[in-house]
Structure formats: structure tokens, C-alpha cells
Amino acid sequence: MKLHCELKGNIEQFFTKFVDEGKATVRLKEPPVDICLSKANPSSLKSFLSVVRLAHRGCDVEAPLSPLTPVKPSEFEKFKTKMVITSKKDYPLSKNFPYYLEHLQTSYCGLVRVDTRMLCLKNLKKLDLSHNHIKKLPATIGDLTHLQELNLNDNHLESFSVALCQSTLQKSLRSLDLSKNKIKILPVQFCQLQELTDLKLDDNELICFPFKIGQLTNLRFLSAARNKLPFLPSEFRNLSLEYLDLFGNTFEQPKVLPVIKLQTPLTLLESSARTILYNRIPYGSHIIPFHLCKDLDTAKTCVCGRFCLSCFIQGITTMNLHSVAHTVVLVDNMGGTEAPVISYFCSLSCYVNSCDMLK
């Protein structure tokens, strides 16, 4: 009997969402059953479904349908989307990681560097490299365009590079765990990772936050306990957090007298730098010397919103952390929720107008 005599007009629906994984379902009208196909070779399955469709439409299909060949375990492995490895003995040395991985965890594997094979996993959304011995991150991690979660907890990192901050991670990265490393400072460009919602920096050697941290407008969870922070940057006031933990930092008591570095009249460098930043004039090392670009990148923001380079008044006050976070972990064992904040003033008038902040 020809195939179309059995299937013509008798198929209610095809389900082929996972055909590339060797799975599909054909729903018949009579009898009302679902024919589930799995562990098939994707290429053979597609050919099979094409013939079935032709038969359903009434086309004359003379060729007999050959049985679907079950996919081999090794072939099915490459379609895995999640892999968790938690010991050195299970780490793959002789074969590549499955290409379609979206979640990869390789913890307690003794890694001293990021395996370059991981950087070819273009579908990767979550990468967990915690509890290893990694000292440096390759800039090519930034080529993982879909990466949303990066866990580097308990490694030997001393920095987070500018290249990573300026990579495609700016648009994708939402969760970053750098806890239990040896990081002393994060570059100002770190604040370009503006999709971050969760940031963990506990148990490092941080001596300061990036002073533009207020630009992380999506940040909701921030934990930086047990570091060496003496004070917070003024833009910390711009954050809007759900949870904040700064316990165990070496916060200093606010100084009574401000640091005055005003100069009248302003130098040409100071005046032109303020003009460029205030008017948001584009600049780059292809236009002006690199060291001037660096000065502009690290310019200080006055409480009035204007900018200053090396001509300013610096004062330190305290802020209640509940003003920026719904839940606050006490900053010390005395029940405190206040921390010192450093502020900058571009002129004497700005300082006088804001002197009530520095009581």
C-alpha cells in the first residue's frame, strides 16, 4: 500500500521545536494518538518528517520509509545545554565541550587559567568557574555575547580588565561574583557594565569603589563585605538597591576640615576639561593624547553635577545606607548603618551652598 493512503489528511499537527536535538512529535487525527520520536539522528529525522508531510498532503510517495536510526550517546552529548563538573577527575581533557552549552560549571577543578575551549561556546549564558586558581581573565570572555552570569568566586584574581568592561558584556552581563579574590581596585570603566543587577565583591582587598558606581542604575544586590574601604564615593548616593552588605570594612571617621585644592583663575587644562565634560563633547585617543583621555575619564563630579579635574574642595560626611538600600547589613558590630562618603565641590560657592552636608 502506498504511504499516502495511510497518512493523507490524517495528521493534525507536527511538533518540531526540538528537531535539532533528534526529537519530534506527530499528532494523528484517527486514531487520536501522538507519535513521539526521540534520540534520532537530526538529519534522518528531518528527512523522515519531510516524507510524512508529503504523504499528508496527498503527494505520491513511492519510496518506503526507512527506520530512524537512534542517535549514538556521543552524538546526543553535543546537544547538551548544561554541564556541571565539580572535580578535577571529571574535567574533559581529550574532547571539546558540547557546542550548544548554555550553562557550564567547572568548580574545584584546579584551573589556573580559563580554558580557551570555553570561549568557543557562543550560546553560553551562565559560566561558573568558582573555587579554582585562576589569576587572570582573558579579554576574549567578552566575546561570549549571550553571557548573563559569571561566577569567579574563590580564585586568585587581582584585577578585572578595562577590555572586559568595554566588551559586549556591557549589554549582556547581569550577575557577577568576584568574591574571595585579591582585587584591590576596579577600573572606572567597570561602571559601563550597566546591565548588572547582582554584584558580589566580598572578601577582597578593595580600597575603593569606582567613583562612577552611581551609573550602575540597574544594580539591586551589592555585597562587598570584609574589604578595606575607607569611605564611599559621592555617586554612591545615586544607587537604588534592594540589598546592601558592607560589613567589616575599615571605614574612617569623617575629617572636620576639608581638603582645598582650588586655584584662581582656572588653568587652561582645567577650564577646557570642564567644558568638554559639561557639554559632553566626544573625545578619544585619536583626537587628544591618551593621558588627557585618562584625566577626563577620572574627572570628579561636583555635588552640583558639574565636573572638576584637579581644582576642587574635598569633604567627607556620613550617610545612612538605608537611603540607598531597602535591606542593609550592619557595617559593624555596633549596630551601625552609616558610612563615610567623600564629596567634591568645583568651587567655593558650591561648598558654601552645601556646607550643611558637612556638619
Side-chain angles (χ1 to χ4, degrees), residues 162 183-192 205-217 222 224 227-239 244 246 249-281 283 288-325 331-332 334 336-359:
V162 172
I183 300 173
K184 294 182 178 180
I185 193 168
L186 293 169
V188 64
Q189 293 85 356
F190 185 87
C191 301
Q192 294 176 16
E205 301 174 11
L206 281 176
I207 58 174
C208 64
F209 278 125
F211 68 91
K212 292 187 178 181
I213 193 170
Q215 294 180 358
L216 297 178
T217 54
L222 174 59
N227 278 278
K228 299 179 181 179
L229 298 170
F231 49 76
L232 304 176
S234 59
E235 287 201 16
F236 199 88
R237 299 177 185 274
N238 298 333
L239 293 175
L244 174 62
L246 297 176
N249 279 281
T250 54
F251 288 126
E252 298 178 356
Q253 290 297 317
K255 297 177 182 177
V256 177
L257 296 177
V259 177
I260 301 176
K261 294 187 177 182
L262 291 179
Q263 186 175 353
T264 305
L266 295 178
T267 65
L268 180 59
L269 174 61
E270 182 79 22
S271 180
S272 54
R274 292 187 179 193
T275 300
I276 288 173
L277 293 170
Y278 180 74
N279 293 289
R280 298 182 179 181
I281 299 173
Y283 63 88
I288 58 177
F290 176 77
H291 71 278
L292 293 180
C293 292
K294 189 174 181 180
D295 289 342
L296 292 170
D297 287 342
T298 56
K300 297 156 182 67
T301 305
C302 175
V303 294
C304 73
R306 293 177 180 269
F307 302 91
C308 41
L309 220 61
S310 56
C311 183
F312 55 82
I313 298 178
Q314 175 186 304
I316 298 179
T317 182
T318 58
M319 68 175 290
N320 192 314
L321 298 177
H322 278 295
S323 64
V324 296
V331 298
D332 52 40
M334 304 300 292
T337 59
E338 295 204 346
V341 179
I342 190 167
S343 298
Y344 294 95
F345 308 88
C346 65
S347 66
L348 183 59
S349 60
C350 272
Y351 176 74
V352 171
N353 292 335
S354 304
C355 63
D356 58 321
M357 294 174 54
L358 301 170
K359 291 180 181 179

Show the nearest heavy-atom pair for residues [X] and [Y], with the distance to one decimal.
| X | Y | answer |
| --- | --- | --- |
| Cys346 | Arg306 | SG-CB, 4.5 Å |
| Phe345 | Cys302 | CA-SG, 3.6 Å |
| Ile316 | Pro340 | CG2-CB, 3.9 Å |

- Query: With distance as the sole test, does Arg237 use its side chain to make a donor-acceptor pair with the main-chain N or O of Met319 at under 3.5 Å?
  - Reply: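 No, the answer is negative, given that no donor and acceptor are paired below the 3.5 Å cut-off.
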- Task: Spell out, as yes or no, whether a donor-acceptor pair under 3.5 Å connects the side chain of Glu270 to the backbone of Leu309.
- Result: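 Checking the backbone N and O of Leu309 against the side chain of Glu270, a donor-acceptor pair under 3.5 Å is found.
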Measure the [atom1]-[atom2] distance between [X] and [Y] for me, rounded to the nearest 0.5 Å.
| X | Y | atom1 | atom2 | answer |
| --- | --- | --- | --- | --- |
| Ile313 | Cys350 | CD1 | SG | 9.0 Å |
| Thr275 | Phe307 | OG1 | CZ | 12.0 Å |
| Ser343 | Phe312 | OG | CZ | 12.0 Å |
| Lys212 | Glu235 | NZ | CD | 7.5 Å |
| Arg274 | Asn279 | CZ | CG | 13.5 Å |
| Ile276 | Ser271 | CD1 | OG | 10.0 Å |

- Message: Applying side-chain hydrogen bond (donor to acceptor under 3.5 Å, both in side chains), can you list everything that pairs with Asn320, at least two apart in sequence or on another chain?
- Response: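 Asn320 satisfies side-chain hydrogen bond (donor to acceptor under 3.5 Å, both in side chains) with Thr337 only.
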- Tell me, please, which residues at least two apart from Ser349 pass side-chain hydrogen bond (donor to acceptor under 3.5 Å, both in side chains).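 Only Ser347 meet the side-chain hydrogen bond (donor to acceptor under 3.5 Å, both in side chains) criterion with Ser349.
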- Query: Going through the distances and angles, do Phe251 and Leu229 end up as a side-chain contact (heavy atoms from CB on, under 4.5 Å)?
  - Reply: CA-CA 6 Å; Phe251 288 126; Leu229 298 170; 4.0 Å; yes
- List the steps, then state whether side-chain contact (heavy atoms from CB on, under 4.5 Å) holds for Ile213 with Leu232. CA-CA 10 Å; Ile213 193 170; Leu232 304 176; over 6 Å; no
- Message: Let's go through Phe190 and Ile185 carefully: what are the C-alpha distance in whole Å and the side-chain angles of both, what is the deciding distance for side-chain contact (heavy atoms from CB on, under 4.5 Å) to 0.1 Å, and is it a yes or a no?
- Response: CA-CA 10 Å; Phe190 185 87; Ile185 193 168; over 6 Å; no
Please tabulate, for the side chains in residues 293-300, all donor-acceptor contacts under 3.5 angstrom to protein atoms that are two or more places apart in sequence or on a different chain.
unit_1 : atom_1 : unit_2 : atom_2 : d
Asp297 : OD1    : Tyr283 : OH     : 2.6
Thr298 : OG1    : Lys294 : O      : 2.9
Thr298 : OG1    : Asp295 : O      : 3.3

- Sole candidate of Asn249, Leu246, Ile183 that passes side chain to side chain contact (heavy atoms under 4.5 Å, CB included) when paired with Asn227: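 Single pass found, and it is Asn249.
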- Message: Working note: Lys261 + Gln314, criterion side-chain contact (heavy atoms from CB on, under 4.5 Å); need CA distance, chi angles, decisive distance, verdict.
- Response: CA-CA 8 Å; Lys261 294 187 177 182; Gln314 175 186 304; over 6 Å; no
